[in-house]
Amino acid sequence: MTDTLHRVLRAKDPLTLAGVPSGFLPVLAADVARAAHGSSGGARAVLIASDEGAMRALADTVPLFAPEVEVLTLPAWDCLPYDRTSPALRVMAERLATLNALQARPKAPQLLIATENAATQRLLTPFRVRQLTSRIAEGARIDRNQLITQLNSLGYERVEAVAEHGEYAIRGSLIDLFPAGETHALRLDFFGDEIETLRRFDPSDQRSTDRAKAFTLMPASEALLDEESIKRFRSRYRETFGATATGDPLYEAISGGRRMSGMEHWLPLLEERLTTLFDHLGENDLILRDAGVDQAHAARRESIDDYYANRRKTMSGDAGSYRPLEPATLYLTEAEWTEAVASRPIHLTSQFPEPESERIVSFGVEPARDFAPERTQQANVYEAVAAHVGKLRKSGHKVVLASYTAGARERLSGLLHDHGLKSQKLVDNWQEALGSKTQPALMVLPLDHGFTAPDVAVLTEQDMLGDRLVRRRKKPKGAAAFLSELSALTPGDLVVHNDHGIGRYEGLTSIMVGKAPHDCVALEYSGGNKHYVPVENIDLLTRYGSESDGVALDRLGGEAWQRRKSRMKERIREIAGQLIKTAAMRATRPGAVIEADS
């Protein structure tokens, strides 16, 4: 362990970790996770990211630098504060799976990555998470009807066919279930009250794949409707909003044990108490926050107060009026966040170089060289990159050139070879790249920007080219094509959204955006959820090309559509490979020589 890391581990007050550009942050996070686990009795590292995109990028890249580090992610709810919609089941499933994992002491280096929104939101208590988690094994005896009741109280949604986390289906003696925290859906086959067989299955085709010995049943929702929670909600709702509020649809639904969209925003009335992320962490866990967290926190605080004020302004005594809870019941106050930063402590990373001091630790890493001047002057960027790589090699740096995909790596390799970088090596992982002592290494590493450390330098596609090295995309549809396609649709027709899947077209509507009307295409998805597509984004939509009878709508924000797209892409690659192989065999097969008649 370096002296710099040792100083961070021993710090009792918050430090600024200077000289940490964004590209180096995954490397630092991996090093901190290993150091924390090795020196603090199995402690974990925690990194608070400014937003969802930063969290996902870190979760994707940290394992490439350190495969032995277990990465947990804690996203925030994917809905607005004081919304009438609930967070997606897959989001709550991911959150609860992470909270459950935090209850056990890490057996290997572990890194928790949370967004700022998630870190400042109140959560179920550690005791409540443990209380609601159970282990179910093949051969176990459990009352089938009792299990169905338990699934309903844990927030699982009954459907015809299981497609996503948080869903279950009943088919005779079978119960199909996609538990939170599991990577595969499960099929429980009952013989009486005994689970005779337990199998995994693929939700895309509903076929069983292999046997499973046991699984962990966790809640699918953070808002749980057991008997005590319902009783607690009824009492607190009346106390908070008065006896006249008992006519609200929310009050009536929960009193009857029925779930209602958006009910999670009254979570403090359902639970005995809520806690913070920091109560789920160990005393020696090491916490960092990236450079954008403080600004994101200020914007989030302002957003929460604004939404709350607007809800309070429109609240009335009429049944069905939205009755918001105080922000402090759902989110950390400014004082609580400030105290957590100072007392835990939560160290701040900064990409800017600063001299060492009592509160500043310098890692001395610089951002990668930017080739914007060459691009502006329309000079040959690839020749400039080849020359820069040569300088780095002479100064003793190992050089890694990072691409987003294997195809982009191949194209970049060819372009650099044609412009002077003849000696290069294609590698499959970071360890192999560091082992390339005589040649620059090219690898698939989805970093936006690289870095230059004392011993290694990483250059990415964006550093070199200003953007990803991608093939030209199709031009978006023009206004004429938009009018033509829209006129061919009638309300009730099925359409396919590129990101969200199959939805039902409801017509063209106008909604207010920034106090001005904006034309949008209205789509309905499973569960009655609505999605409005601005007319300028019509290229994201295509008409469903088959018979629509019996076609199920996708869930907005769900996983099933992305899973089907992924499977189709794999199938296309498989077919393409077979076609290439066939073409190659034809090209290399000797043809029959037919001699001319004499």
Against Leu72, only a single residue in Leu112, Val46, Leu111, Leu99 fulfils side chain to side chain contact (heavy atoms under 4.5 Å, CB included); can you say which?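 Testing Leu72 for a side chain to side chain contact (heavy atoms under 4.5 Å, CB included) against Leu112, Val46, Leu111, Leu99 leaves exactly one candidate, Leu112.
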
Euclidean distance, [Y] [atom2] relative to [X] [atom1], rounded to 0.5 Å:
| X | Y | atom1 | atom2 | value |
| --- | --- | --- | --- | --- |
| Asp499 | Lys565 | CG | NZ | 6.0 Å |
| Leu348 | Ile48 | CG | CD1 | 11.0 Å |
| His37 | Arg105 | NE2 | CZ | 8.5 Å |
| Ile304 | Leu80 | CD1 | CG | 11.0 Å |
| Leu28 | Phe451 | CG | CZ | 10.5 Å |
| Phe127 | Leu132 | CZ | CG | 9.0 Å |

Residue pair His165, Glu182: steps toward the side-chain hydrogen bond (donor to acceptor under 3.5 Å, both in side chains) verdict: CA-CA 8 Å; His165 284 100; Glu182 295 289 332; over 6 Å; no

Under the rule for ring pair (Phe, Tyr, Trp, His ring centres under 6.0 Å), what residues qualify as partners of His500, not counting sequence neighbours?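 His500 satisfies ring pair (Phe, Tyr, Trp, His ring centres under 6.0 Å) with His497, His531 only.
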
Run the salt-bridge test on [X] and [Y] with the 4.0 Å N-O cut-off and return the result as yes or no.
| X | Y | answer |
| --- | --- | --- |
| Glu374 | Arg369 | yes |
| Glu94 | Arg90 | no |
| Arg344 | Asp13 | no |
| Asp3 | Arg7 | no |

Check: [Y] main-chain N/O paired with [X] side-chain donor or acceptor under 3.5 Å:
| X | Y | value |
| --- | --- | --- |
| His419 | Ala384 | no |
| Ser413 | Arg409 | no |
| Trp430 | Pro67 | no |
| Thr98 | Thr73 | yes |
| Ser303 | Ala299 | no |
| Asn310 | Tyr307 | no |
| Arg95 | Glu222 | no |
| Lys422 | His417 | yes |
| Ser221 | Ala223 | yes |
| His347 | Leu15 | yes |

Any side-chain donor near an acceptor of the partner, [X] and [Y], under 3.5 Å:
| X | Y | answer |
| --- | --- | --- |
| Glu264 | Ser86 | yes |
| Gln110 | Glu70 | yes |
| Arg393 | His397 | no |
| Gln351 | Ser22 | no |
| Thr85 | Asp83 | yes |
| His297 | Glu116 | yes |
| Asp448 | Tyr404 | yes |
| Thr460 | Asp463 | yes |

Sequence neighbours excluded, every pair satisfying salt bridge (charged side-chain N to carboxylate O under 4.0 Å, His left out) that has a member inside residues 329-341: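 Non-adjacent pairs meeting salt bridge (charged side-chain N to carboxylate O under 4.0 Å, His left out): Arg122-Glu336.
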
Quick one: are the ring centres of His518 and Tyr532 less than 6.0 Å apart?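 Ring centres of Tyr532 and His518 not closer than 6.0 Å.
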
Under 6.0 Å between ring centres, would you say that holds for Trp77 and Tyr82?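 Not under 6.0 Å, so no.
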
Salt bridge (Lys or Arg N to Asp or Glu O under 4.0 Å) partners for Glu326, two or more places apart: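 Testing Glu326 for salt bridge (Lys or Arg N to Asp or Glu O under 4.0 Å), a comparison that skips the adjacent residues, returns none.
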
